[in-house]
Amino acid sequence: MKFKALFLIVFVYQLNFGQVETTINETQTPSQNFTYTQFDIIVPFKGNKNRGAYYSDGSRDDNWFVPDGLGAKFG
């Protein structure tokens, strides 16, 4: 389970996008105004305080972390 959680965290952190930077010589004037947009999705995690507890159906809670909401920013 630890391997799956670590793999998920590393995989999610690889889903980032870079911003393209264009260099213009001093003698040239820009023909267009460049704009950019940023978009961000956030899934915070918190430690599972009930780790090791048993559910009513007999299964065990072995998760180290649990999701603590979902967030997004656009701008």
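Bear in mind the structure is a predicted one, so any value in this text is a computation, not a measurement.
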Gap between atom CG of Asp61 and atom OH of Tyr55 - 0.5 Å precision: 3.5 Å
Connected-component partners of Leu70 among ILVMFWY, side-chain separation under 4.5 Å: Phe39, Ile41, Val43, Phe45, Trp64, Phe65, Phe74
Flag, side chain of Asn48 to backbone of Asn63, donor-acceptor distance under 3.5 Å: yes
Where Gly69 and Pro44 come nearest, the two heavy atoms and their spacing: O-CD, 3.5 Å
